[in-house]
Colleague: 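Right, I'll just put the structure down here and ask away after.
Order of listing sets the numbers, starting from 1, for every ligand and every atom in it.
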Amino acid sequence: MPDCRAPVAVFDSGLGGISVLRELVRTLPRENYLYFGDSLHAPYGTKTPQEVVDLSLQAADRLLSQGAKALVVACNTATSAAIRTLRKTYPELAIVGTEPAIKPAVERHPGGRILMLATAMTVQEEKFQRLKAQYDDQAQIIPIACSGLMEYVEQGILRGAEVEGYLLDKLEPYLKVPIDAVVLGCTHYPFLRGAIRRIVGRRPEIIDGSIGIARQLERRLEEQGLLNPGDVSGKVEFQNSLDEPEILGLMQALFHYEDEAP
Ligand code: DGL
């Protein structure tokens, strides 16, 4: 039986999952967290599904060997490719994955026009295609594969001509007809909320799935009797597969980053 004071492990292909970590800390502030960014192997979105499965197993193994009591896969790309294998490998462990927040977007904008930005792998994977098919008769869901976009966040570039030029090229063709919502289907993209807002204008709601993930983690820990009963704030530790001191500084900076726009 794991110790309830043990950390919750959170991992992503790089720094994007820190957008999820921020929400976990807001929702469950007493928990301790161990965040691992696999920046050495980022991006996952251009790899084969089998490579993503192998990298995810390596990351999980690394985190669980440090005594983590639960695992949050804060990466839509890894969730679509690897979550089944992770659950089979660790059947007792509370494992929470991510998926593009299509359901809340459709519930809030029935009949609406919804753009969904994600990596090419997330867009192509059967998991997303099934999710889309489930809601296709309730809204117009337009997936846009944004290969190369997460790399800006990995470099700490969250605004400016280059990233905004990229977003303009990608999104402009869809903006001629008004859109109701933009779903951020990659955990790196919440850090680009301000840049995305400048391109899409004030009208569409920009939605990411972090709150849903935090609530799901809370439920899973509760079910397993693993919520940390302490009454002090937990600690957050950052680790990265890239052996560069600057990367840990960037992780801290993103953790404390305040979004530019709603
Ligand atoms: N943050 C990851 C996601 O949510 C980025 C994927 C990648 O490494 O390509 O999908």
Side-chain angles (χ1 to χ4, degrees), residues 9-24 35-60 63 71-83 86 95-102 105 115-129 131-132 143-158 163 166-167 170 182-193 195-196 206-214 216-217 238-242 247 250-251 254-255 257 259:
V10 183
F11 101 91
D12 180 29
S13 58
L15 312 182
I18 296 171
S19 69
V20 176
L21 177 67
R22 291 187 307 185
E23 192 56 50
L24 300 179
Y35 182 94
F36 173 61
D38 194 8
S39 297
L40 179 64
H41 300 108
Y44 280 8
T46 54
K47 302 201 158 40
T48 65
Q50 188 54 49
E51 282 170 331
V52 176
V53 171
D54 293 344
L55 289 168
S56 302
L57 283 170
Q58 269 172 40
L63 290 160
L71 178 67
V72 176
V73 181
C75 177
N76 294 275
T77 307
T79 298
S80 55
I83 201 94
L86 286 168
I95 301 179
V96 176
T98 50
E99 67 179 19
I102 295 292
L115 302 185
M116 198 292 293
L117 317 186
T119 67
M121 188 182 292
T122 299
V123 169
Q124 282 153 15
E125 274 284 285
E126 196 195 318
K127 185 166 188 283
F128 171 70
Q129 291 300 334
L131 182 68
K132 181 174 175 295
I144 305 176
C146 295
S147 306
L149 185 55
M150 66 83 87
E151 283 85 339
Y152 289 106
V153 178
E154 286 293 299
Q155 294 166 59
I157 301 169
L158 308 184
V163 64
Y166 174 104
L167 286 165
K170 277 278 167 193
V182 179
V183 173
L184 306 179
C186 167
T187 55
H188 281 71
Y189 302 167
F191 292 114
L192 300 171
R193 205 174 252 270
I196 293 169
I206 300 178
I207 301 174
D208 80 76
S210 304
I211 290 186
I213 302 163
Q216 215 182 318
L217 174 67
F238 290 102
Q239 298 179 359
N240 200 292
S241 52
L242 209 59
I247 199 86
L250 185 51
M251 292 172 101
L254 287 172
F255 183 60
Y257 181 72
D259 291 340

Colleague: Number the atoms of ligand 1 from 1 as they appear, then name those within less than 4.0 Å of a heavy atom of Asp12, with their elements.
Modeller: 1 (N), 2 (C)
Colleague: Relative to the heavy atoms of Thr77, which atoms of ligand 1 are at a distance of less than 4.0 Å?
Modeller: 3 (C), 6 (C), 10 (O)
Colleague: With rounding to the nearest 0.5 angstrom, report the NE2 to SG distance, His188 to Cys146.
Modeller: 13.0 Å
Colleague: For ligand 1, is any non-hydrogen atom under 4.0 Å from Thr119's backbone (N, CA, C, O), its side chain (CB onward), both, or neither?
Modeller: side chain
Colleague: From Ile83 CD1 over to Ile95 CD1, what is the distance, rounded to the nearest 0.5 angstrom?
Modeller: 6.0 Å
Colleague: Taking atom types as modelled and ignoring hydrogens, do the side chains of Asp54 and Gln50 form a donor-acceptor contact shorter than 3.5 angstrom?
Modeller: yes
Colleague: Hey, do the aromatic rings of Phe255 and Phe238 have their centres closer than 6.0 Å?
Modeller: yes
Colleague: Side-chain contact test, heavy atoms from C-beta onward, threshold under 4.5 Å: evaluate it for Thr187 versus Asn76 and give yes or no.
Modeller: yes
Colleague: Consider side-chain contact (heavy atoms from CB on, under 4.5 Å). Of Leu250, Leu15, Asp38, which one does Asn240 pass it with?
Modeller: Leu15
Colleague: Could you check whether any heavy atom of Gly14 sits closer than 4.0 Å to an atom of ligand 1, since that is the contact criterion I want to use?
Modeller: no
Colleague: What is the nearest protein non-hydrogen atom to atom 7 (C) of ligand 1, stated with its residue, atom name and distance?
Modeller: Tyr44 N, 3.3 Å
Colleague: Heavy-atom distance to atom 4 (O) of ligand 1: which of Thr98, Asp208, Thr187 wins?
Modeller: Thr187
Colleague: Enumerate the atoms of ligand 1 whose separation from the nearest heavy atom of Gly45 is less than 4.0 angstrom.
Modeller: 7 (C), 8 (O), 9 (O)
Colleague: At less than 4.0 angstrom from any non-hydrogen atom of Ser13, what atoms of ligand 1 do you find?
Modeller: 2 (C), 5 (C), 6 (C), 7 (C), 8 (O)
Colleague: Met150 heavy atoms, cut-off 4.0 Å: which ligand 1 atoms fall inside?
Modeller: 7 (C), 8 (O)
Colleague: Return a yes/no value for Thr122: is any of its N or O atoms, backbone included, closer than 3.5 angstrom to an N or O of ligand 1?
Modeller: no
Colleague: Check whether any side-chain heavy atom of Pro100 lies under 4.5 Å from a side-chain heavy atom of Lys132, and answer yes or no.
Modeller: no
